[in-house]
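Just below is one structure, and these are the notes that go with it.
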Amino acid sequence: MAKMSYREALTETLHQEMANDENVIVMGEDVVGGTGSPGGPEAIGGVFGVTGGLYGKFGAGRVIDMPISEAGIAGTAAGAALAGKRPVAEIMFADFIGLCMDQLMNQAAKFRYMFGGKATCPMVLRTSYGAGMQAASQHSQSPHPMVTAIPGLKVAMPSTAADAKGLLTTAIRDDDPVIFFEHKTLYGLQGEVPEGDYLVPFGKARIVSEGTDCTLVATGRMVSFCEDAAKALAADGISCDIIDPRTTSPLDEDAILDSVEKTGRLIVVDETPPRCSFAADVAALAASEVFSSLKAPIKTVTGPHSPVPFAKELENAFLPSPLKIKAVIEKTVKYS
Amino acid sequence: MQLARQELEQAYRQMKTIRDFEDHLHREIAKGTIGGFTHLYGGQESIAVGVCENLKRTDYITSTHRGHGHCIAKGCDVKGMMKELYGRADGLCKGKGGSMHVADMDVGMLGANGIVGGGPPLATGAALAAKLDAEGGVALSFGGDGSCNQGPVFESMNIAAILNLPSIYVYENNRYSEHTGSSYVIASESIASRVEAFGIHTVKANGFDFFEVHEVMKELVAMAREGKGPCAVEFETTRFYGHFEGDPQNYRAPDEVKNDRENNDCIKIFRSKVTEAGLLSDEDLDKIDSEVGDLIEVAAEEAAAAPAPSIDEVTTDVYVSY
Ligand SMILES: Cc1ncc(C[n+]2csc(CCOP(=O)(O)OP(=O)(O)O)c2C)c(N)n1
Ligand SMILES: [Mg+2]
């Protein structure tokens, strides 16, 4: 184990995987950083610093700065993947997936199916997501429900430094296209990370904490919000199962359903608007599969049906918080 | 320089307002009082002002992530903008948009834009509306060098050309998109040569000189108004600050910004031109400086003291009706 940040865990993984397999290539805007400028290549290494040092080690052929052309980047990655490479493309902010959508939903996601199982598209699209930095409506979204809804795409969203490494390694070695969501407020988060090869399987939830009264399901930054809420209730004798699915596609349905059968209560926390969301998806799963175990209505704690606002006060009001989650747990546990 | 005294004073006042607005934000953001991602326009003022002084209030513009200069030049209320950046209830967009989304429909300012390349398609649509209205209106998009590599930008210029729309595409080439040099990411010899390939009349000009910008734009805006179809311009320019506030700027040459501030400062160039030609005196200009300084100070004080939005506002304005 080594102590490092979420960011460093991602960087280490990219280094390891590029060294392991020469088909792994990295591409995106400013991923080298400084190409064509007086300061020269490597002046930056990605706006969030994740791709630092790759260019120096692996060279311009495999670490490629791209123009501001998100559709082109996604499409180039998909095409290179069809032709045998393992591209790791960076889309600076998940909001810009809007520009990539045709390449993802009509192309990469469907090749294998449309071509009768004869094609593979082993690309990873890494992207930063989430609110909390006052980055406003076009730089704060969490579009994982949109891509989770597309058959053919896999979706990973690490909440810890260790999972950042384990999930990214799996994503790069996976033969299907993977959308990899990195929460922009978590890059500095420190944690113990296994050394060497470390893989976290897709579709296997992390049981963050165990309890008896309520099941909390959350991903990314919302996991620590759930932990804070649960801790605040420990003194009142309320304990929670906290489940981080880690991948929303595939989804570890068993982990969620087993827990709800045990606790009889479910709260799903996510920072997106509520409609057609991951929260709604998990709630529907539990309602249809373990209805008879439920002792209280399933609740979701999400953002409202609105874009993410700029002003700090509004952004805070938009987001779930440990306090809001705590209040919903209390109500759910007391329900009769 | 065939501008009347009043026009010269107005142009200088606008450029100086942008400069002081941005300088204030630069200091304030360093203190941590303003959140979010802010991209300052300092150094490029001659372009926003030289362009917008040729537009009417009813003409449309679209802007970029580096939008404060365009907003001020098109006539957005400076105090309302300051409050918006501070995230206040009576900011121009009620504190919901912030730096990257300042907009004011009343002055034809269709929004700064957090999506690079988001503006040109919108300006193309506004030009379509202006053409249908047949009142001689035009629509103009500002864009950086980096934005010319987005597919929708190409698509919209082609649409404007085939529909003969009164749209104008302004490219401000400050040599960088974030930290990457524009010579690396732009394959053609220039942005201008690329736009020309759509059959759009395009010129290249020196953006450091307000008078050159103004003259070029006068001609282009007139062409668009007369129904001669879309046109475009690529201006050479520089940015005095980092890509965003907090950018270490280690991708730039050591004395680059210092040199540009000394030799390519559009406000200094304007001053020396008008004083040498005897059109305005140093006293005239200093007086404007002090008035602008006061305006920014008051705007900042009012913004700092203004109330935050009520949290009920999170869910208002999502739709017109629902
Ligand atoms: C679609 C999209 N991709 C990437 C970004 C991130 N980004 C913001 S500004 C910028 C560089 C823009 O360069 P340019 O168009 O030259 O404008 P400048 O910053 O120089 O004014 C990038 C890559 C973005 N905001 N939107
Ligand atoms: Mg630029």
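Keep in mind that what you see is a predicted model, and the values were worked out from it rather than measured. Naming convention: chains lettered A, B, ... in sequence-line order (proteins, then strands); numbering from 1 in each chain. Atom set for the values below is all heavy atoms of this structure, side chains included, hydrogens, waters and symmetry mates excluded.
- Residues forming a side chain to side chain donor-acceptor pair (under 3.5 Å) with A/T272 (at least two apart in sequence, or on another chain): none.
- For the pair A/I68/B/S147, no side-chain contact is recorded, criterion being any heavy-atom separation below 4.5 Å from C-beta on.
- Taking a 6.0 Å sphere around OH of B/Y176, one finds it holds more than 12 heavy atoms contributed by other residues, nucleotides or ligands.
- Top candidate by heavy-atom pairs under 4.5 Å with chain A, chosen from B/I115, B/N113, B/V116, is B/I115.
- Counting all heavy atoms, side chain and backbone alike, B/S183 lies closest to A/G36 at OG-O, 3.9 Å.
- For A/E313 against B/I311, the heavy-atom pair with the smallest separation is O-CG2, 3.9 Å.
- Of the two parts of B/P152, only the side chain, counted from C-beta on, holds a non-hydrogen atom closer than 4.5 Å to a non-hydrogen atom of chain A.
- A/P309 has its side chain out of reach of B/E313: every pair of non-hydrogen atoms, C-beta onward, lies at least 4.5 Å apart.
- Looking only at side-chain heavy atoms (C-beta outward), A/I44 and B/N250 come within less than 4.5 Å of each other.
- Annotation: side chain of B/Y251 is not in contact with side chain of A/P38 (no heavy-atom distance under 4.5 Å).
- Without hydrogens or angle criteria, B/Y184 side chain to A/D65 main chain gives a donor-acceptor distance under 3.5 Å.
- B/G95 and A/L314 make their closest contact through O-CD1, 4.3 Å (heavy atoms, listed as atom of the first residue, atom of the second, distance).
- Heavy-atom pairs under 4.5 Å with chain B peak, among A/A311, A/S37, A/A71, A/G39, at A/S37.
- Options B/H101, B/K96, B/H179 differ in how many heavy-atom pairs under 4.5 Å they form with chain A, and the most are formed by B/H179.
- Using a 4.5 Å heavy-atom cut-off against chain B, the contacting residues of residues 128-144 of chain A are A/M133, A/Q134, A/A135, A/A136, A/S137, A/Q138, A/H139.
- One distance of note links CZ of A/F310 with OG of B/S99; it measures 7.5 Å at 0.5 Å rounding.
- Taking a 6.0 Å sphere around CD of B/E189, one finds it holds 12 or fewer heavy atoms contributed by other residues, nucleotides or ligands.
- The heavy-atom pair separating B/Y322 from A/H305 by the smallest distance is OH-NE2, 3.5 Å.
- Comparing A/M92, A/E29, A/K312 by how many heavy-atom pairs each has under 4.5 Å with chain B, the most go to A/M92.
- Using a 4.5 Å cut-off between heavy atoms, B/E256 contacts chain A through its side chain alone, with no backbone atom that close.
- Counting only distance, with no hydrogens or angles, the side chain of A/S69 and the backbone of B/N149 share a donor-acceptor pair below 3.5 Å.
- Looking at A/E315, there are no atoms closer than 4.5 Å to chain B (heavy atoms on both sides), in backbone or side chain.
- Applying the 6.0 Å contact sphere to NZ of A/K184 captures more than 12 heavy atoms from other residues, nucleotides or ligands.
- Contacts between B/F244 and chain A at a heavy-atom distance below 4.5 Å are absent for every atom of the residue.
- Annotation: maximal heavy-atom pairing with chain A below 4.5 Å, among B/Q150, B/K94, B/R252, B/R175, occurs at B/Q150.
- Proximity to chain A (any heavy atom under 4.5 Å) is shown, for B/D312, by neither the backbone nor the side chain.
- The contact list for residues 28-39 of chain B toward chain A, using heavy atoms and a distance under 4.5 Å, reads B/G35, B/G36, B/F37 by residue number.
- Below 4.5 Å, heavy atoms of chain B meet heavy atoms from A/F93, A/F96, A/L99, all part of residues 93-110 of chain A.
- Among the candidates B/S177, B/G87, B/G118, B/G181, the residue making the largest number of heavy-atom pairs closer than 4.5 Å to chain A is B/G181.
- Formation of a donor-acceptor pair under 3.5 Å by the B/T180 side chain with backbone atoms of A/G33 is not found in this model.
- Residue A/P304 comes nearest to B/V314 through the heavy atom pair CG-CG1, 3.6 Å, listed as atom of the first residue, atom of the second, then distance.
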